[in-house]
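These notes are about the structure you will find just below.
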Amino acid sequence: NMLTLWVSPLVLAILYYLVPRLSGRPVPAYSLALGGFWALIGFGAWSGTRSLAGGPVPVWIPSVGIAATIVLAVHFLAVAVNLRGIFSLVRHSLVARFLALAFGCYLLCGVLDLATAFRYTAQWTLFTYVAEAKWMLLVVGVFTPAALGAFYFAVPRITGKAWASEVLIDQHLKVTALGVLLLVGGLLASGLLQAQIL
């Protein structure tokens, strides 16, 4: 829940600030963004209890977490509608490529949360690396590229000097994406294998 309520709003702040700055257009639906933010704050804290399915707790506690995760789909839809324009900027901006990676991984986090929220899948993936894969996707796949994109955007404006090599920045992006793929993909594959064995 700490990651959901601290890392996600931080990443969303970076994305909602930089995407309009890079595109030169305002957020398409600001009221939708506001509703999505309050859905995250209101239901994000409760969504973590879904991982207790099958555990020694009353049945209503994981049920509330499952319901909160389903309601959080509204948040992810709001973010997808408002920030989908980032993909049109990736040809022109290296910063937009980092942000597009973070945005894509954030939406993938929402899909994985929703897929593993239901009682059957939650019990099936309990005590496996699937939960670690989801958290690594949030930290390494969402937060890291967003922070790097903000860094690559801010430093030239603060120092007044352009980056020495855009080729190295592009290579940094590729290595970051490869690291996310190997780490999250490996954890997810091993978690699903563990679930079959258990």
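Source: prediction; values computed, not measured.
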Look up atom CG in L183 and atom CG in L137, then write down how far apart they are to the nearest 0.5 Å. 9.5 Å
When you compare the side chain of P28 with that of V81, does any pair of heavy atoms fall below 4.5 Å? no
Between NE2 on residue H75 and CG on residue D113, distance to nearest 0.5 Å: 10.0 Å
Atom of F127, atom of L198 and distance for their closest heavy-atom approach: O-CD1, 4.0 Å
Provide the closest heavy-atom pair for P26 versus P20 in the form atom of the first, atom of the second, distance. CA-CB, 4.4 Å
Cluster question for you: counting only ILVMFWY and a side-chain heavy-atom cut-off of under 4.5 Å, with indirect links fine, are L114 and V142 together? no
Would you name the heavy atoms of F37 and P9 that are closest together and state the gap between them? CE1-CB, 4.3 Å
Does the pair L40 and L12 meet the rule for a side-chain contact (heavy atoms from CB on, under 4.5 Å), with working shown? CA-CA 11 Å; L40 176 66; L12 290 174; 4.0 Å; yes
When the ring centroid of F153 is compared with that of F98, is the distance short of 6.0 Å? no
So, for W46 and A68, which heavy atoms are closest and what is the spacing to 0.1 Å? CB-CB, 3.7 Å
A150 and L18: which non-hydrogen atoms are nearest, and at how many Å? CA-CD1, 3.8 Å
Is there a continuous path of hydrophobic side-chain contacts, each under 4.5 Å between heavy atoms, that joins L181 to V139? no
If we only count heavy atoms from C-beta on, is the F103 to P145 side-chain gap below 4.5 Å? no
Is the number of heavy atoms from other residues, nucleotides or ligands within 6.0 Å of CH2 (W38) greater than 12? no
Does some side-chain heavy atom of H172 sit less than 4.5 Å from a side-chain heavy atom of L168? no
Under the 3.5 angstrom rule, does the side chain of T128 hit a backbone N or O of A195 as a donor-acceptor pair? no
Is T121 reaching over with its side chain to a backbone N or O of A115, donor-acceptor style, under 3.5 angstrom? yes
Verify same cluster id: V155, I169 (apolar side-chain graph, 4.5 Å): yes
Taking C-beta and beyond as the side chain, do T116 and W124 meet within less than 4.5 Å on heavy atoms? no
L94 and L173, any side-chain heavy atoms less than 4.5 Å apart: no
Roughly how far, to the nearest 0.5 Å, is the CG atom of L22 from the CD1 atom of I86? 6.0 Å
The single option from T69, I70, V64 passing side chain to side chain contact (heavy atoms under 4.5 Å, CB included) against I66: I70
Does CD belonging to Q171 count more than 12 external heavy atoms closer than 6.0 Å? yes
Please evaluate residues N82 and L32 with respect to the criterion side-chain contact (heavy atoms from CB on, under 4.5 Å), reporting the C-alpha separation (whole Å), side-chain torsions for both, the decisive distance (0.1 Å), and the verdict. CA-CA 8 Å; N82 277 324; L32 189 62; 4.1 Å; yes
Of the non-hydrogen atoms in A146 and A102, which two are nearest, and what is the gap between them? N-CB, 3.7 Å
State yes or no: do L77 and V11 share one hydrophobic cluster built from I, L, V, M, F, W and Y residues joined by side-chain heavy-atom distances below 4.5 Å, directly or via other members? no
Would you compute the distance between atom OH of Y152 and atom OG of S93 and round it to the nearest 0.5 angstrom? 12.5 Å
Give the cluster check for V74 versus L108: same hydrophobic cluster or not, with ILVMFWY residues linked at side-chain heavy-atom distances below 4.5 Å. no
Are F143 and W135 an aromatic pair, judged by ring center distance below 6.0 Å? no
Return the OH to CG distance between Y129 and L192, rounded to the nearest 0.5 Å. 13.5 Å
Nearest 0.5 angstrom please: R97 CZ to K174 NZ, how far? 8.0 Å
Going by heavy atoms in the side chains, are L193 and Q196 under 4.5 Å from each other? yes
